[in-house]
Student: 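The structure is given below, and queries will be raised subsequently.
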Amino acid sequence: MKRILLGLIGIALLIPQVKADEGMWIPMLLKKYNIEQMQEMGFKLTAEDIYSVNEACLKDAVVIFGRGCTGELISDQGLMITNHHCGYGQIQYHSTVDNDYLTNGFWAMSKEEELVNPDLTVTFLKRMEDVTEQVLEGVTDEMNNDAQSRQIQKNIIAIKKEAVKDTHYKAVLKPFFNGNQYFLFINEVFKDVRLVGAPPSAIGKFGGDTDNWMWPRHTGDFSVFRIYGDKDNQPAEYSKDNVPYRPKKHFSVSMKGVEEGDFTMVFGYPGSTYEYVPSYHLKMLTETVNPKLIDVRTEKLNILNRHQAADPKVRIQYAAKNARISNSWKRWIGENRGLVILDAINKKQQYENQFTQWAMANEVRAEKYGNLLSEYEELYEKYTPYRLAKDYIQEVVYRNGIEIISMASKLKRLASPYHLADQTGTEVNMKIVEKQRTKVKADAELFFKNYYKPIDKELCVKLLQMYQNDIPDQFKIDIENLNKKFKGDVAKYVDYLFKKSICDDEAEVMSFIDSFSEKSLKRLEKDPANQLFNSIMRVYSKKVLQMEQHLKEQLDQLNKTYMAAQMEFESDKVFYPDANFTLRVAYGKVAGYTARDAVEYEYYTTLDGIIEKDNPDIYDYRVPQKLKDLYAQKDYGRYEVDGTVPVCFIATNHTTGGNSGSPVLNADGHLIGVNFDRAWEGVMSDLMFNPDQCRNITLDIRYVLFLIDKFAGAGYLLDEMTIVE
Ligand code: ARG
Ligand code: ASP
């Protein structure tokens, strides 16, 4: 009834309904759907100020940082800011026990002192374009699904090729609305990106994994980089002759701060969301997949935490790995909790009932959509065990799983030119052999820099045991030797594995790589780590992936239809596409929230709160002495507000993983903070948004300036910025 009423009102006013707060919008389309609402909420700029093809605009100051974060330009000399947790790998890469930038922080006091980062890139969006028509050219209703997707793939390749012909740009083409629309993105990738500074982890990661995904928060989660180009301001590989990149646009930094109710906008790269899935998807995640993955990671973390607490070197070696494991582990727990509290499955089911009623009320629709939900039900029933097995094997092998296996898989690459020659009856290409040797060697060096065998051995025992216990018989791994030699005793088998394999020993691995020749193939085949990898892969590729992908394709097909159907069903509503790591605008307002019965949260935190949390006995809450001194002397300079320094604030912007490091802008389009997290009660927002409790967490830019200036003594960086007081 309520829906029908709302629907009527929508039709009566004849304006599309855009929800406030919820949504990650396409920058190119703001003019059509959002800008009026944004302006009503206080925004003072125009849609062209945010996104324009021809004029310099805000989008020119936003980048993809590395592979999974966002960053933004804050000076005309290529200075860029992102999160500490986004630059973590780089900070760790430059850290040693003697020169521990993770612990002590790092600040270049001049451009010469900035640190070079192999393999780090930043990516600018030059322009985007709706290419749905071109992508669907030649695709007809008469074609079956396979033929359709072949035609689509063919078109995509051609469009991308044509779009960047004779340029150094890169083309990315992605489906939106589950394949009902397609957009092309023309990107420019810079490869010389240097570390300028990072606070100590006791600031940049203050609160650690204890406070992660939580509010109230006091984390100074930022790091600073500089983008370099060649003399012509073009992307180039690292060279000492490169010069700071001169961007088309950089953000002005506002010291004005925020108050409750103020307009805020987040402009970045949200990774993935699943807002339009059926209830069966939520059931699969909350009842099967999330609980199992949570268990696996709980065990991983137990092992890592124990060893890291015992040895400072191991603490550094496994810092990034631990953070990665812990982050999704905690999010899954919060996601499950949030969905239960929201009664999300029930809500989806009610919606589905209404949807089905609507579909059945009309013959054409009944034909098209009448069976959708029962098809979903059947498919999810089949799909769930495969999805679980796939995720589980990824946990065992790829996502910070058994490390000795990943070493074996690296060594395998040495053999591939020989296998290829064998298969094709040609000569072995020695050029490729040498190329692989160099590459594998570099990978192995990085691997052993952060490798601690006792952790790996324990992980190996635990993960193999859990997998064999948790997973249905059809996916069991038949491990060579385990049953024959060791009567199924995993611990004994793992002892043997680590004794016999070369993959856990740096010296042996290096000499194996150096001397690798045709004769080494046999030895590699026989290495038990390689054998273990092969046994797992046999199950993974033959028994899990093939079927998983097959079912996933069927799901994708249903998703495409269901998406279009939902848009038809709620024709008065403006839909935003699920996140797909393309540039989006989220907007909302600064707001506290009610966390649970009798618990109200303020919208901001301060330096006083950091001192309140200070506790030398708890690793995550040790406040650096220098910060305590600044606090004791109240040496806050121009960053002082009401006798303290603001640290973080929350707002109702709809964000997700990938939005980390995103610029948070005020009504003038000035930078007021750097997005880095979401609050615990709202982390289910990837699946269902609740405006009452979903909050993004922003690092207040005034705390950043205070730290750079007063704490790090790198105030020269502020001179480059355009600061609005
Ligand atoms: N939860 C934030 C995000 O998903 C921050 C993660 C990094 N911090 C951590 N303690 N692991 O990326
Ligand atoms: N912390 C996340 C990120 O790294 C942001 C989020 O999930 O809210 O992108």
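Note that ligands are numbered from 1 as they come in the structure, with each ligand's atoms numbered from 1 the same way.
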Student: Who are the residue neighbours of ligand 1 when the rule is a heavy atom under 4.0 Å from any of its atoms?
Tutor: His85, Lys205, Gly208, Asp209, Asn212, Trp213, Ala323, Asn327, Ser660, Phe676, Asp677
Student: What class does the angle between the rings of Phe706 and Tyr639 fall in, given that below 30° is parallel, 30 to 60° is tilted and above 60° is perpendicular?
Tutor: perpendicular
Student: Taking atom types as modelled, find out whether Arg387 and Tyr392 have a side-chain donor-acceptor pair closer than 3.5 angstrom.
Tutor: no
Student: To check you understand the geometry: which heavy-atom pair defines the closest contact between Asp221 and Asn83, and what is its length?
Tutor: O-ND2, 2.9 Å
Student: If you look only at pairs with a residue in residues 190-212, which of them pass as a ring-ring contact (aromatic ring centres under 6.0 Å, His included), with sequence neighbours excluded?
Tutor: Phe124-Phe190, Phe190-Tyr245, Phe206-Tyr621
Student: For Phe106, give me all partners under ring-ring contact (aromatic ring centres under 6.0 Å, His included), at least two apart in sequence or on another chain.
Tutor: Tyr101
Student: Can you work out which protein residues put a heavy atom within less than 4.0 Å of ligand 2?
Tutor: His85, Trp213, Thr656, Gly657, Gly658, Asn659, Ser660, Phe676, Asp677, Arg678
Student: Among Thr698, Asn653, Thr652, Asn675, whose side chain to side chain donor-acceptor pair (under 3.5 Å) with Thr264 holds?
Tutor: Asn653
Student: Centroid separation under 6.0 Å, is that true for the rings of Tyr576 and Tyr33?
Tutor: no
Student: Does Asp295 form a salt bridge (charged side-chain N to carboxylate O under 4.0 Å, His left out) with Arg297? I'd like the steps, not just the answer.
Tutor: CA-CA 5 Å; Asp295 286 350; Arg297 290 204 178 189; over 6 Å; no
Student: Can you classify the ring geometry of Tyr451 versus Phe448 as parallel (below 30°), tilted (30 to 60°) or perpendicular (above 60°)?
Tutor: perpendicular
